Amino acid sequence: MTQRRPILVLIALIQAAGLLLLWAQTPAPSPWAMAALGLGAAAILWLAARCGRAEAGPVGQLRQENAALRQERDRLSLLCEVVKESSERYREYSEAAADWFWESDAEQRFTFFSSSFEAVMNISSDDLLGKRSWDIVSERMEIDSDQWQAHIADLTAQRPFRDFKYWLEDGAGRARWIKVNGLPRFDEDGVFIGYRGTGSDITAAVENAHRMHMLNRAVEQSPVSIVITDLNADIQYVNGSFLRVTGYSMDEVIGRNPRILRSEKTPPETYQAMWAALSAGEKWEGELANRRKNGEIYWEMATIQPIQNIEGEITNYLAIKADVTEQKRAAAKLAELVEELRRSNEELEQFAYVASHDLRQPLRMISAYLGLLEKKLGASFDQDSRDFFGFALDGAKRLDHMIVDLLEYSRIGRVSVPMAPVSLGEVVADSIRHLEVAAAESGAEIMVPEILPAISGDANELLRLFQNLIANAIKYMPEGRKPRIEVLCSDSGGEWVVGVRDNGIGIPPDELKRVFGIFQRLVAREQYEGTGIGLAVCRKIAEHHGGRIWAESELGAGSTFLVAFPKG
């Protein structure tokens with residue numbers, strides 16, 4: 001630069017002299033003036049070249065420095081792009097890993113919450129600033145005190161912490177389970193200034209985990225066997241009930257086919273039907289006779305169905321099986337008892353019918369000969385003899401009535417008469433017609449609904465049923481009281497309930513069930529005649545029609561006998 005300034009000054013003076021010379025030669029320059037101008041121009045070129053040589057070194061250096069600066073600028077620009085991209089990636093990772101950010105001071109008091117905190121928790125962050133985590137925890141939910149003590153120990157020691165969980169109530173008062181992470185912060189001098197961390201609402205995840213835990217416990221503790229297999233029917237999971245029922249251990253069944261349980265008791269057609277349903281993607285239900293590890297046969301009621309993944313593809317089979325061995329044994333035993341009872345009842349009814357039928361003949365002979373003796377010897381009888389003969393004849397008559405009633409009882413259901421629609425209105429009318437004399441003598445008032453339903457049944461048996469009920473209503477009446485009898489009918493959904501209500505002597509509450517037993521008398525024979533078999537006949541007729549009979553009564557005020565007949 002020291003050589004450049006004087007050279008430039010000299011060039012400027014030569015140019016100025018040339019201009020003055022041109023101005024002085026106006027209007028036309030002389031030859032010597034033109035020569036002077038040429039010499040000046042040459043001097044200027046020489047001086048300029050010398051100036052260029054003097055500046056060539058610094059200019060090259062400047063160019064090199066500019067190139068280096070441009071390279072540094074490009075490097076810093078590229079580095080800024082990398083930092084920007086890394087910062088954006090870190091921000092996205094942070095937002096994906098946590099719901100909000102927070103900061104606290106050296107006293108563990110919150111000083112900052114990110115804007116997402118309010119959106120997630122529905123709580124204004126202003127309400128929590130200046131407070132510590134143990135100041136805002138929900139008081140309604142229990143938290144393990146040992147965990148809190150360990151967390152406070154971490155804070156006191158200024159250690160990083162992860163996944164500390166506690167309950168926080170949201171703006172609606174609902175307890176939310178949150179998880180927080182934190183890192184300690186220090187200033188340039190290494191002084192602790194607080195924590196910076198992240199927080200997440202994990203309530204839904206915890207609730208889902210709790211539900212899954214409950215489901216797992218329910219499956220594991222289920223009283224029925226649960227088995228999951230792959231598509232090759234190889235066992236992947238069994239619960240505890242399966243192990244208890246079969247006698248196998250977990251290691252002995254995982255990876256094996258359920259055919260290890262197969263016995264010869266299950267028909268091949270059952271397995272064919274099972275696989276046909278499963279192959280079609282359908283559920284199968286049926287009974288299997290399997291074999292335990294000890295060789296014992298047991299019965300299972302099984303439900304097997306395919307399990308699909310979210311794409312709708314069948315990936316597994318699920319079997320739920322209940323051990324019904326005891327039920328099968330009980331059912332078989334019950335069937336045996338029912339069959340034995342049926343045979344016993346048939347034999348008993350046959351015996352009763354034959355015995356009753358055969359008893360009537362000698363009984364008639366006894367009654368006839370007693371009558372002949374009375375006629376032949378009656379004139380010579382004293383009063384005691386007449387009483388004795390009277391007792392004998394009366395006993396024979398009562399015995400005959402009992403035999404007739406027993407015959408009637410034994411015939412119910414024995415004669416196979418196809419069930420047919422029967423109008424109960426006509427049956428009740430015929431019953432009352434057969435009792436006209438008894439009703440007239442007692443002054444009975446009998447009320448019957450205008451419409452009574454029709455049921456499927458045996459007309460003769462139903463006639464005997466209502467005749468017995470109405471006859472009892474007339475007979476069992478306190479002295480001096482006129483019978484008031486009402487036939488009832490109501491629709492109880494699947495049944496017609498028909499009844500006979502009276503205003504008679506009534507039945508003690510503890511005797512209501514006993515009245516339907518055979519030969520059961522609740523009153524003295526001297527007060528009311530009868531064999532004690534009429535209501536037993538009614539019960540048998542009701543049961544023969546698939547119904548039931550019961551009594552409601554108030555002692556001294558009357559009784560109601562109700563019969564329920566199934567519809568259809």
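None of the values given here were measured: they were computed from a predicted structure.
Residues that satisfy the salt bridge (Lys or Arg N to Asp or Glu O under 4.0 Å) test with Arg162, not counting sequence neighbours, are absent from this structure. Applying the salt bridge (Lys or Arg N to Asp or Glu O under 4.0 Å) test to Glu107 and every residue at least two apart in sequence or in another chain returns Arg109. Residues satisfying the side-chain hydrogen bond (donor to acceptor under 3.5 Å, both in side chains) criterion with Glu495, sequence neighbours excluded, are Arg548. The salt bridge (Lys or Arg N to Asp or Glu O under 4.0 Å) test applied to Glu554 returns no partner, not counting sequence neighbours. When the ring pair (Phe, Tyr, Trp, His ring centres under 6.0 Å) test is applied to Trp496, no partner is found at least two apart in sequence or on another chain. Taking the ring pair (Phe, Tyr, Trp, His ring centres under 6.0 Å) definition, one finds that Trp299 meets it with nothing, sequence neighbours left out.
Pairs of residues two or more places apart, or lying in two chains, that qualify as salt bridge (Lys or Arg N to Asp or Glu O under 4.0 Å) and include a residue from residues 253-277 are Glu264-Arg291. The ring pair (Phe, Tyr, Trp, His ring centres under 6.0 Å) analysis of residues 180-231, with sequence neighbours excluded, yields the pairs Phe161-Tyr195, Phe186-Phe192, Phe192-Tyr195. Within the structure, no pair that satisfies the ring pair (Phe, Tyr, Trp, His ring centres under 6.0 Å) test touches residues 235-261, not counting sequence neighbours. Screening residues 118-132 for side chain to side chain donor-acceptor pair (under 3.5 Å) gives Arg132-Asp135 as the qualifying pairs, with residues at least two apart or on separate chains. Residue pairs meeting the salt bridge (Lys or Arg N to Asp or Glu O under 4.0 Å) criterion with at least one partner in residues 200-224, sequence neighbours excluded, are Arg174-Glu207, Arg176-Asp201.
In this structure, Leu243 and Val238 have side chains that are in contact, with non-hydrogen atoms separated by less than 4.5 Å. Phe113 is not listed as a side-chain neighbour of Phe101, based on a closest heavy-atom distance of 4.5 Å or more. Contact check for Ser553 versus Thr560: no side-chain heavy atoms found under the 4.5 Å cut-off. A heavy-atom distance below 4.5 Å is not found between the side chains of Ile178 and Phe164. Taking the side chain as every heavy atom from C-beta outward, Val498 and Cys489 approach each other to under 4.5 Å.
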Between Arg329 and Glu326, is the salt bridge (Lys or Arg N to Asp or Glu O under 4.0 Å) condition met? List the steps.
CA-CA 5 Å; Arg329 291 173 180 169; Glu326 292 303 319; 3.1 Å; yes
Run the ring pair (Phe, Tyr, Trp, His ring centres under 6.0 Å) check on Tyr166 and Trp134 step by step: do they pass?
CA-CA 9 Å; Tyr166 63 94; Trp134 50 87; 9.8 Å; no
Residues Ile314, Asn309; criterion side chain to side chain contact (heavy atoms under 4.5 Å, CB included); working and verdict
CA-CA 6 Å; Ile314 297 175; Asn309 61 15; over 6 Å; no
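Put simply, CD1 on Ile549 and SG on Cys538 are 5.0 Å apart, with the number rounded to the nearest 0.5 Å. Annotation: the span from Gln308 atom CD to Glu313 atom CD amounts to 9.5 Å, rounded to 0.5 Å.
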Give every donor-acceptor pair under 3.5 Å between a side-chain atom in residues 272-290 and any protein atom, sequence neighbours left out.
from   : atom 1 : to     : atom 2 : distance (Å)
Ser279 : OG     : Trp275 : O      : 2.7
Glu287 : OE1    : Lys328 : NZ     : 3.1
Asn290 : ND2    : Glu300 : OE1    : 2.9

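Enclosure of atom CD in Glu311 by more than 12 non-hydrogen atoms of other residues, nucleotides or ligands within 6.0 angstrom is indicated.
Ring centroid separation for the pair Trp550 and Phe561 does not come in under the 6.0 Å cut-off.
One side chain, Thr325 or Asp323, offers a donor N or O that lies under 3.5 Å from an acceptor on the other.
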